[in-house]
Asks: 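Handing you this structure, nothing more for now.
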Amino acid sequence: MALYAIGDFHLSFQADKSMDKFGSVWKHHEEKIRKNCSRLVGPEDTLVITGDHSWGKNLEECREDLAFIEALPGRKILLRGNHDMFWDVNKTPRLNRDFQGRLSFMQNNYYAYEDYALVGTKGYTFEGPFYLDRRGRIIGWDEEKEAHAKKLVERELVRLRKSFDAATADGYRKFIMFLHYPPTSVIETDSVFTRMAEEYQVQHVVYSHCHGESRFGDSIRGTYHGIPYHLVSGDYLKFCPERIL
């Protein structure tokens, strides 16, 4: 039983919002997702999808998108992304009831994978605006928006700890941590999220959200303080899920 991850499907079977303008990699990206998942993910495997599932503004507008995800092989665990308007934190229990046995939604909870606990939350990170010099180097940023971002980060940190606490209470000591947003901003070398990963000695950190070649390096990739960090944005992976375990 393998564990795979990928994010940022940005499906729009009902919303009619094409992603083609963001580059050739997005052309027919739905078929790439279907083909690659069918080739790699087996019925006994687990696939974690790290947010931005659908452009639908409510559950009815993303029914076909969720049906597409449901039809992919394996057990599907969904994390909330910043564009998932159909899902707020209070709706998680209802979504898990409505899609029981078909899709699992991760927020303020955890899921077991062998002897690991899969924990996660949407996360948040400050994305500017930044002020640049003529060489493109960051020389400042909007401090008012940074202060607002810090409040959102603290909210997400509380939600993430709930996931860890629930798993720990059930006896789990091995963790894989999932975020939608990257764990650090472009002006950070570490963050509350990296420190929490180290606190719980997680085995892997998996995140997405960073789109386009100019954004792929916005946060940590590779091993940091002994923990592997994986960027699994769909376009970064060319819509081929990455095996984590």
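Atom set for the values below is all heavy atoms of this structure, side chains included, hydrogens, waters and symmetry mates excluded. For this chain, numbers begin at 1 and follow the sequence in order.
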Asks: For the residue pair Tyr124 and Tyr181, does the interplanar ring angle fall in the parallel (under 30°), tilted (30 to 60°) or perpendicular (over 60°) class?
Replies: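 Tyr124 vs Tyr181 ring planes: tilted.
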
Asks: With rounding to the nearest 0.5 Å, note down the distance linking CG in Leu78 to CG in Leu95.
Replies: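 Reported value, rounded in 0.5 Å steps: 9.5 Å.
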
Asks: Of Leu118, Val48, Val206, Thr46, which meets side-chain contact (heavy atoms from CB on, under 4.5 Å) against Ile244?
Replies: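 Result for side-chain contact (heavy atoms from CB on, under 4.5 Å) with Ile244: Val206.
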
Asks: Any non-hydrogen side-chain atom of Asp65 less than 4.5 Å from a side-chain atom of Phe86?
Replies: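 No, side chains not in contact.
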
Asks: Could you grab the distance from atom CG of Leu59 to atom CZ of Phe99, nearest 0.5 Å is fine?
Replies: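 So the gap between those two atoms works out to 5.0 Å.
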
Asks: Are more than 12 heavy atoms from other residues, nucleotides or ligands located less than 6.0 Å from atom CD of Gln100?
Replies: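 No, the 6.0 Å shell around CD holds no more than 12 heavy atoms from other groups.
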
Asks: Give a yes or no on this: more than 12 heavy atoms of other residues, nucleotides or ligands lie within 6.0 Å of atom CZ of Arg195.
Replies: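 For Arg195, atom CZ is crowded (more than 12 foreign heavy atoms under 6.0 Å).
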
Asks: Are Glu156 and Arg159 within salt-bridge range, i.e. N to O under 4.0 Å?
Replies: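 Result for this pair is yes, salt bridge flagged.
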
Asks: Just checking, any donor-acceptor pair under 3.5 angstrom between side chains of Ser208 and Ser233?
Replies: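 No pair is found: no donor N or O on one side chain lies under 3.5 Å from an acceptor on the other.
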
Asks: For a quick check under 3.5 Å, do His180 and Asn82 share a side-chain donor-acceptor pair by atom type?
Replies: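 Looking only at side-chain atoms, Asn82 and His180 do form a donor-acceptor pair, the distance falling under 3.5 Å.
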
Asks: Only distances under 3.5 Å count here; give the side-chain donor-acceptor pairs of residues 171-179 to other protein atoms, sequence neighbours excluded, each with its distance to 0.1 Å.
Replies:
unit_1	atom_1	unit_2	atom_2	d
Arg173	NH1	Thr168	O	3.2
Lys174	NZ	Asp115	OD2	3.1

Asks: Just one of His83, His10, His29 clears the ring-ring contact (aromatic ring centres under 6.0 Å, His included) bar with His211, so which one?
Replies: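 Passing option: His10.
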
Asks: According to the ring-ring contact (aromatic ring centres under 6.0 Å, His included) rule, which pairs have a member within residues 32-52, sequence neighbours left out?
Replies: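 Not a single pair qualifies under ring-ring contact (aromatic ring centres under 6.0 Å, His included).
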
Asks: Check each of Arg215, Arg221, His230 against Tyr236 using the side-chain contact (heavy atoms from CB on, under 4.5 Å) test, and report the only one that passes.
Replies: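 In the set Arg215, Arg221, His230, the residue that makes a side-chain contact (heavy atoms from CB on, under 4.5 Å) with Tyr236 is Arg221.
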
Asks: Hey, what do you get for OH (Tyr110) to CG (Asp170), rounding to the nearest 0.5 Å?
Replies: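 Result: 3.5 Å between the selected atoms.
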
Asks: Do any pairs count as a salt bridge (charged side-chain N to carboxylate O under 4.0 Å, His left out) and have a residue in residues 71-83, sequence neighbours left out, and if so which ones?
Replies: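 Listed once each, the pairs would be none.
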
Asks: Hey, what do you get for OG (Ser54) to CD1 (Ile69), rounding to the nearest 0.5 Å?
Replies: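 Between atom OG of Ser54 and atom CD1 of Ile69 there are 7.5 Å.
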
Asks: Output yes when Arg34 and Glu31 qualify as a salt bridge under the 4.0 Å nitrogen-oxygen rule, no when they do not.
Replies: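 Counted as a salt bridge, because a side-chain N and a carboxylate O are separated by less than 4.0 Å.
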
Asks: Indicate whether the side chain of Thr184 and that of Ser191 have a donor and an acceptor atom separated by less than 3.5 Å.
Replies: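 No - no donor-acceptor pair under 3.5 Å links their side chains.
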
Asks: Atom OH in Tyr4, atom CZ in Arg243: separation rounded to 0.5 Å?
Replies: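 Tyr4 atom OH to Arg243 atom CZ measures 5.0 Å (nearest 0.5 Å).
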
Asks: In this structure, are over 12 heavy atoms from other groups packed under 6.0 Å from Glu199 atom CD?
Replies: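 More than 12 heavy atoms, drawn from other residues, nucleotides or ligands, come within 6.0 Å of this atom.
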
Asks: Between the main-chain N or O of Leu3 and the side-chain N or O of Asp45, is there a donor-acceptor pair closer than 3.5 Å?
Replies: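 The answer is no, because no donor-acceptor pair under 3.5 Å joins these two groups.
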
